[in-house]
Each structure stands twice: as C-alpha cells, then as structure tokens.
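This report concerns only the one structure given below.
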Amino acid sequence: MRAARGYVIGVALILVMMTALVLGLSRQHELERAKRMLLLGTELASRHVGVLLRQADSITAALAQEAERGAVPWRDDATLMDMALRLSVDAPQVLELRLVDAAGATVVHTLGGRQAEAAAQRADEAFRFHRASQTTATRLSPPRRSAASGRWVMPLSRRLSAPDGRFLGLVIADLDLAALGAVFDSARLGDGAAVGLVEQGGRLLLRQPFRPDVLGMVMDSRSFGLADLPVEGRSFEARSPVDGVHRLYNAVPLPAHHLVVIAGVDPQEVLAPWRRSALIHGSIVFLLVALLLALGQRLLGAITMQARIGGELQAANRRLRDMKLALDAHAEVLITDVGGRIVDVNDRFCHSTRAERAELIGLDHRVLRSGHHPPAFYRQLWRTIASGRVWSGEMMMRAFDGISYWMDTTIVPFLGPDGRPQQFIAIRYNISARKEAESALARTMQALAHSNHRLKTLVAHDALTGLASRREFDRALARELRRALRSHQPLALVLVDLDHFKRYNDHYGHPAGDSCLQAVARSLRASIQREGDLAARYGGEEFALLLPATDAAGATRVAERLLAEVEALALPHAASPAGIVTLSLGLAALQPTVASPDAAARLLQAADDALYQAKRAGRSRLVVGAAPALQAAAESGS
C-alpha cells in the first residue's frame, strides 16, 4: 500500500511538474516572441526615422549652402524662397522651412509666415546654441506648436556661417510630429506600448502615444538603460518615468543625430493570452491531479483499482503527447548530443531539410550548414551553448536538395548533474518570407533612388542634343553671376543661332533638322575646354555658351573656334546662300562690381543685340557687343 501510494503521488507530482515546465516554456516563448517583435519594430522605426532625419539634413544642408553663397542680408531673396519651396515639396515630413538671419528675423518662410519681433527668436534655445557654437551639425529641439500652421513640429536647425566663421543665422526645418508619429504607429506593438525619441543625454523629444506635457523632460540615462548604449542597441526592463508602467524596452541609437529610438511593451499585455491559456490548462491539470489522487486513494485496496489508475495515467500520457504534437506543429525541433550528432528531429524539421528521419539520425548537424555564415559565427554560437547558456539568432540553413532558407533559432542546452551540457535542443521558426520581404524592400529603395537620379538628369539636359536645358542654363547664369561678383572675375556669354534653319527644315524635313542640331551641339561641346564652361540649348535653333572667368578676348577665341568647326563640317544647306550650314554669333562680357538684380537680363540683352547685328550684317559671322554698354548696365543696376 505504501509503494502504491508513493506511485500515485509520484505520478501526480510528475504531471504537475511537466505542466509547470510546459507553461513556463510557453511563457518564456511568449516573452521571447514579444522581444523579437519589439526588436524588429524598434529597428524598423529607427530606420524610418533615420531616413526622415537624413532627408531633412540634406534639405537644410542644400539650403544652407545656397544661402552661404548668396549676398547678405537675404531680405526677400526670391532664389532662396524658390529653392526652399522646391526642397520642401520632396519631403512631406518637413512642414515648414525657415531661414533666420543673425538678428533673429525670419527672412524666408515656406508658409509665408513672418515674426513681428526678432527678440523671441533670439531667445530661442537653438538660436543661442548655434550662435555660440561653431559646429555645422544639425540640432533637434523639443517639439512646439508652429505659429504659422498651428500644428506640432520638431525644429531641426543648422548654423549659417560666413567664410570667416561669423554667425549669419539659421536654417530651420520644422518636422511634422504627425509624420514622425505615423512612423512609430507603424511598428504596431500593441495598445499598451510606448515609443519615444530621446537625446543620448536623456531629454525626451517625442513620445507616442503623444503627450505634450512630458516633451523636453530629462530622464536618468543610467537608470533607464541609455548609458554606454552599444551600436546594435540594447534590450532591458525598466519602469517608465512618464506613466510609471513597467515595460520591456529596446533601445536603438541613431549615432549620426545623437538620438535613441526607444520602444517598450507592457509584459502584462504581452502575457494576457498566455495567462488565459495557463488558467485553462492549470485548471484542467488541477482537476486531473485531484481526480487522480481521489481515485488512487479509493483504488489502492484492490487490483481493479490499480488497473483504473493505469488507465488514468495512460490518459495523462496521451495529453502530454498532444502537447508535444502541438509543439511539433508550431516549430521545428532538433536534438543533438554534445558531439553535435543528431539524436532526434520532428516532422517539420524533416520537411524543411527534404530528408527522412532515418537519414538524419546519427549525422553531424554541420551537414546542414549553408556556407553563408563565417567560421567566427559558429565559434561564438558554440562558446555560448557550451557554457550552458541559451543562444538565439537568425541562421541560414541548407536542405539536402541544396535549397537555402532562413530560420529564427533558439538552442537550449540541457545540463547534467555536473552542470555540463548533455544534450542540445534547437527550436526553429522559418523566417524566409520575412527575409525576402526585407530584401525586396531594399531593392525597391535602390530602384527609387536610381529613378530620382534619372529624373534630375532629364530635367537638367535637353533630350535631343544632350546639352544643358534652358532651365539649367538660367540656374547656371544666376550662379555664375554671384560667383563673378565675389571673385571679381569676368563672365562671358555667346548666343549662337543656325542661319536660315527654317528653310533647312522646309527643304530637308524635320528629322534631318534634328540631325543638324545634334551635329552643331557636338561642335559646341568640342569648343569648350574647361570643366566650368557650359553649353546649353537656349531655344529651337538657338544655343548658348556660358564662359566663367573669361573676358571678351578669350570668349572671342572660343567663338571663332566654334565657327571654324561648324564650317569644317560642311553640312549641305541648299536653301542658304552659303550652300552649307553656318552660324551667327553674338558675344557679350561683363565684370560685375556690385550686386544687380537685372545683371542676367542685361547680359542676355547685350548678347542678343550682338547676335541681331551679326544677322543683319549678313550672317555667318561673330559680333562682339560693346563692353561700355555692359559696364553701364552694371552701374545702373547698382
């Protein structure tokens, strides 16, 4: 009776311990799954935030470069305003772009806003920081409400400096908090989750769910896991200083901006489904154990009672097998000995490796290596499990038919009485679809960047001739005029027109006319020798040569070389008195001494007048415009 009683109690204890073990493993699995999802969500959010900040950085850098090259002050500078509007169109997260001068006055504002007083801007933290610091890096400030739009924004500022280092003002990109919050919401971490953007010093810049009352608060970096944060980030548990909720956190740094993206989930919310399941299974096991003990107490006195107890044990074993089947249906399981030889596998593992169980048993697990990982990867894995610790990570495997696939793997060492591993159990989940999705996303981003580059190239060049477009010519002319004013260097412009080109088209047809334009364009490219010179298609049969740091004499040599090259082509032109294709050229040069808002128009008009004189004098020639007229235009512009 004593032995039978011990047998019944032992079976009950085994059932309770097995249930506790299964529930404990399932709880750990839920937490590990939550940590993996948290890690993935944090990494995705940090990548998206990094992309948005880098794009905003590029916009402020481009506007700052243009502003630093322009004349000071920039009051109502249409060029800067046009550039700011174009840059903000390509970045929806940038709600406003502002340019503030050294006195704190708003000079350019994409929403048309103006501050009535500059004192408020001069008192702003970012303004004082950049005025005192020589750094050209951008700086994020705590969110605020925009005076122009009424929406919450996060200012990203960059210092404007003169060549001698003197403070000229700020370029400020107001980032839309709604756009940043949408990035955090896309992580989909749960109702009780919190995602934040924190400076490395601990100052909170943004939190989702949004709470304006906590923006700018400073958290203890060491107690909240931000001190000595590694590049790959860190997972930890802490109590939120914002709402007091204890959460699982993952922090990923953005070193380029000295920021940290922190995401946290409430363990109570994560474990809610597990608690419901544990309550149901625990109740079942409790009832089962109670029933087993009650029946055992009544059946100990007779052989029939022993048989009934045996039936209850068989039922318990069936339930345990069902639990194992449930595990086998959810994951791949591989068991190896300490030497790495396969001891057992489940059906899902056989399906992934394209092999039978009998083929796998006894093989060294290294036969499944894909060759994708370096030897150091496996050495680190072995050191971890050989020391009795659990290893988790992503691993590429290779099936027997040569096909490779990705697995999210957890290897658990089972320790013997001496504390050394006796077996290793690997639980794997196929993540090939997720890895393929990540690769597809990377390819899409690369294709998008390539398309943007092609679009910029098409806008800047004429499709027929390959020369710079009229729009690119206008931008280059304004740029070179500013540079000529700063460097005290001359600037020359040559306007080129094909003589009797309408007759050419009428006589030979438009396809032949396009070929003629392309041949002349090649001669224009060949006539310029320096990198800074620009050849552009100005109109239908009109071209332009922009020659920086070149006076009228130097431009004349270039123009005469172009005339000779086109005449040497000897392109037939039956409708022209010359019998071949010829050019008429008008040249003008100036050396600006003061800033003039109509310098470009005056230079173009002078070159056009010279071109008209060349046509009136019989075509097929070069006429140089009078320099005194251009000098007078520059003085008038002052």
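None of the values given here were measured: they were computed from a predicted structure.
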message: Does either side chain, that of R530 or that of T550, offer a donor lying less than 3.5 Å from an acceptor on the other one?
response: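 Yes, side-chain donor-acceptor contact under 3.5 Å.
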
Taking all heavy atoms of [X] and all of [Y], pick out the closest pair and write down the distance.
X    : Y    : result
V581 : H573 : N-CB, 3.7 Å
H130 : A137 : CE1-O, 3.7 Å
W152 : D176 : O-OD1, 3.7 Å
A173 : T60  : CB-CG2, 3.7 Å
A103 : F127 : C-CZ, 4.4 Å
P548 : L491 : CA-CD1, 3.6 Å

Salt-bridge present ([X], [Y]; N to O < 4.0 Å):
X    : Y    : answer
E480 : R475 : no
E125 : R203 : yes
R151 : D174 : no

Name of the residue among R139, E96, R98, H109 meeting side-chain contact (heavy atoms from CB on, under 4.5 Å) with I172: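 For I172, the side-chain contact (heavy atoms from CB on, under 4.5 Å) check succeeds only for R98.
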
Determine yes or no for a side-chain-to-main-chain donor-acceptor pair under 3.5 angstrom, with [X] supplying the side chain and [Y] the backbone.
X    : Y    : result
S161 : F167 : no
S439 : K435 : yes
R470 : G539 : no

query: According to the side-chain hydrogen bond (donor to acceptor under 3.5 Å, both in side chains) rule, which pairs have a member within residues 558-567, sequence neighbours left out?
result: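 Qualifying pairs: none.
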
message: Could you go through T465 and F543, starting from their C-alpha distance and side-chain angles, then the distance that decides it, and tell me whether this counts as side-chain contact (heavy atoms from CB on, under 4.5 Å)?
response: CA-CA 10 Å; T465 64; F543 298 91; 4.2 Å; yes

message: Can you tell me if Y612 has over 12 outside heavy atoms packed within less than 6.0 Å of its OH?
response: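 No.
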
- request: Mark yes when over 12 heavy atoms from residues, nucleotides or ligands other than R619 sit less than 6.0 Å from its CZ; otherwise mark no.
  value: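 More than 12 heavy atoms, drawn from other residues, nucleotides or ligands, come within 6.0 Å of this atom.
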
task: List in chain and number order the residues that pass ring pair (Phe, Tyr, Trp, His ring centres under 6.0 Å) with H507, two or more places apart in sequence or in another chain; answer none if no residue qualifies.
output: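 H507 satisfies ring pair (Phe, Tyr, Trp, His ring centres under 6.0 Å) with no residue once adjacent residues are dropped.
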
query: Excluding sequence neighbours, so at least two apart, what forms ring pair (Phe, Tyr, Trp, His ring centres under 6.0 Å) with Y508?
result: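 Y508: ring pair (Phe, Tyr, Trp, His ring centres under 6.0 Å) contacts with Y504.
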
task: Any chance you could lay out the side chain to side chain donor-acceptor pair (under 3.5 Å) test for Q529 and D533, step after step, and finish with the verdict?
output: CA-CA 7 Å; Q529 306 294 328; D533 296 341; over 6 Å; no

